[in-house]
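Working notes for the structure below.
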Amino acid sequence: RVSSDGKPPKFQPPPKPVIVDRKTQKEERRFLSPEFIPPRGRTDPFKYYIERKDMIQRRKVFNIPEFYVGSVLAVTTADPYASNKSKRFVGICIQRGGKGLGATFVLRNVIEDQGVEICYELYSPRIQAIEVLKLEKRLDENLMYLRDALPEYSTFDVNMKPVLRMDHEEIPVNKLQVRMKPKPWSKRWERPKYNIKGIKFELPEHKMKAAQKWSQPWLEFDMLREYDTSKIEEKIRKELSEELEK
Amino acid sequence: MMPIWTKSGEKHAVTLLKVQDCHVLRYVSKEESGGKTAKLLVGGKNVSPFSKPESAHEIFKEAGVPRKQKVTTFNVTDDAIIKPGTPLYAAHFRPGQFVDVTAKTIGKGFQGVLKRWGFKGQPASHGQTKTHRRPGALSTNQAAKVYRGKKMPGKMGNIYRTSFGLKVWRINTKHDIIYVNGSVPGHTNCLVKVRDSKLPTYKDCNKNPPFPTFFADGDEELPEDLFDEEIFQFTDPSVTFA
């Protein structure tokens, strides 16, 4: 290095280390279960507040884990007619519906070549345990098309071991494109109203173009349909974190 | 409406009713009213006094209470008379009681005979000329007239109807909320009248309710939530069958 005036080069202090605090990063990704967000309507928000108090009360006693549509869960319920008085079912969550205490989720599995779907209520007292065997998201919010897909995409081993994952990792998005059985399907999944990204359509081009006839491109610009939940979500998150820490 | 679970794991749907600023307004004795029992006028939700003339405010001024949206009458026996001006709370009812709930049904406007009375109408094809949702024949030949009360199109809904024998599952004393089994006539946030059930099966079902009513300044301290015996409370662990 060429030194200025023959003197030794000026002392450059080393660059300050950038400390990446894992805890603050983790707080940025907070999960709020979708049944807490009140739907748009004319009901008094006080009714949702009362319902939320009950939901929080149940969550304090029984742990409802974070899961998304596309994760594989194992649910044990109490059954008076079973031999051990309890039943365990493993399946992929294809739909999460309902708001408030009546929130439900549908698990699907193929057992001995028979497709089985069971709709469980999240807050039902008959549920004894919910374990997340594999936590992941898929490209769609609603996987009802798995009914018309090849059965291999809905089969999950009943004695599957839970897939371990680190706490700070992002939830993986499974970009799987599913292959379908030949038509007719239960719903016309190629139509733009379902907006499905997780199917590998092997239909001829003219059929895909014909399906676009039912598209409604004005819907995304319709201002009356907008429902901005960010502020409501913030309030509910604060309320939840305060109550659950008590 | 909300789901509620029993200790055996069964689900029931429940309607939430809020007791909002109810006050007793006036006592009308048996002779004055000309009926079989004495009456108590009770007022509901508070509302602004500026939209009605001063003459309409007399009842409220006597009782010392702001103007109420709805004033209803309850027939009471002589030992259940309450002084005008006392507030009424949800704790007046107890879980395990049975109530009748009256309200104005949702107004549907002028409706045809299929929706209003459940007529079957006519087939859509096979030669029907301009006749698919019409009432058809009005009467017989022999009658030579149309009877009074014939079911015809007209204004549907917006009339008082009662649901009888609804069980009270839970009472929230802090916010004055009654959890009543099943559905109740009327739209969300409409005014509703709740009375003890008149059905003969529930005549002796009332299990020592507070008589004549629950007084907030009295001595008894009620917990925030009163539950029926069969309800699954969320503080308990999950249900197991032995």
Side-chain angles (χ1 to χ4, degrees), chain A residues 35-36 38-65 75-88 97-105 119-131 240 243-244 246, chain B residues 1-21 45-46 69 90 95 106-107 169-180 182-184 186-192 223-242:
Chain A
E35 73 266 7
F36 281 104
R40 211 157 65 131
R42 294 166 79 177
T43 344
D44 204 356
F46 183 61
K47 184 247 177 185
Y48 297 120
Y49 169 69
I50 296 281
E51 225 178 339
R52 245 177 288 138
K53 276 199 329 196
D54 275 340
M55 287 154 77
I56 292 172
Q57 191 55 256
R58 174 74 179 152
R59 277 183 185 244
K60 281 188 187 166
V61 174
F62 173 73
N63 170 42
I64 298 176
V75 173
T76 5
T77 34
D79 186 16
Y81 309 113
S83 43
N84 277 343
K85 302 299 171 197
S86 69
K87 260 197 311 212
R88 186 184 139 102
K99 300 281 178 199
L101 276 176
T104 54
F105 62 103
C119 177
Y120 291 105
E121 284 152 7
L122 272 176
Y123 294 94
S124 167
R126 300 249 297 254
I127 296 189
Q128 282 159 348
I130 305 181
E131 313 159 40
L240 266 184
E243 290 289 325
L244 287 175
K246 275 190 196 165
Chain B
M1 286 195 70
M2 222 164 79
I4 232 174
W5 285 274
T6 55
K7 290 203 164 114
S8 49
E10 285 148 9
K11 183 165 95 151
H12 297 272
V14 137
T15 314
L16 310 197
L17 305 175
K18 179 154 167 85
V19 178
Q20 201 161 358
D21 321 310
K45 196 163 124 180
N46 282 348
Q69 188 171 343
I106 299 180
W169 283 106
R170 179 177 162 181
I171 306 255
N172 186 318
T173 35
K174 186 174 161 200
H175 299 288
D176 279 333
I177 302 180
I178 310 176
Y179 290 59
V180 140
S183 60
V184 139
H187 56 88
T188 33
N189 303 334
C190 79
L191 284 171
V192 127
E224 188 188 327
D225 270 306
L226 290 165
F227 294 92
D228 186 45
E229 298 141 355
E230 289 174 21
I231 278 195
F232 168 79
Q233 302 185 29
F234 288 115
T235 40
D236 304 332
S238 303
V239 156
T240 37
F241 298 102

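The model shown is predicted, which means the values in this text are computed figures rather than measured ones. We name chains A, B, ... by the order of the sequence lines, and we start the count at 1 in each one.
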If you measure from [atom1] on [X] to [atom2] on [Y], what distance do you get to the nearest 0.5 Å?
X	Y	atom1	atom2	result
A:D54	B:T235	CG	OG1	10.0 Å
B:M2	A:I50	CE	CD1	8.5 Å
B:K11	A:L101	NZ	CG	9.5 Å

A:K53 portion near chain B, given a 4.5 angstrom heavy-atom threshold: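 Answer is side chain: those atoms of A:K53 sit under 4.5 Å from chain B.
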
Part of A:F46 lying under 4.5 Å from any heavy atom of chain B: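 Only the side chain of A:F46 comes within 4.5 Å of chain B.
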
Side-chain donor or acceptor of B:N189 paired with backbone N/O of A:R42 under 3.5 Å: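 Looks like yes, one N/O pair under 3.5 Å.
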
Test item: B:S238 side-chain N/O and A:I127 main-chain N/O as donor-acceptor pair under 3.5 Å: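 Yes.
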
Smallest separation among heavy atoms of A:Y123 and B:F234, with atom names: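 Nearest pair, atom of A:Y123 first, then B:F234: O-CE2, 3.9 Å.
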
What side-chain donor-acceptor pairs closer than 3.5 Å can you find for residues 12-20 of chain B, not counting sequence neighbours?
residue, atom, partner, partner atom, Å
B:T15, OG1, B:G182, O, 2.4
B:K18, NZ, B:H175, O, 2.9

Side chain, backbone, both or neither of B:I4 within contact of chain A (heavy atoms, under 4.5 Å):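 Looking at B:I4, nothing touches chain A.
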
Residues which pass ring-ring contact (aromatic ring centres under 6.0 Å, His included) with A:Y120, listed by chain and number, not counting sequence neighbours: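 Expected list: A:F105.
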
Options A:R59, A:K60, A:M55, A:E51, ranked by heavy-atom pairs under 4.5 Å with chain B, top entry: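 Heavy-atom pairs under 4.5 Å are most numerous for A:E51.
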
Lys/Arg-Asp/Glu bridge criterion (N-O < 4.0 Å) met for A:R58, B:D236: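 No, no charged N to carboxylate O under 4.0 Å.
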
Enclosure of B:E229 CD (heavy-atom neighbours >12, cutoff 6.0 Å):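 No - once you tally the heavy atoms of other residues, nucleotides and ligands closer than 6.0 Å, there are 12 at most.
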
Within 6.0 Å of NZ in A:K87, more than 12 heavy atoms from elsewhere: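 Atom NZ in A:K87 is not packed in, count stays at 12 or less.
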
Donor-acceptor side-chain pairing of A:R126 and B:T240 below 3.5 angstrom: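 Result is no, nothing qualifies.
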
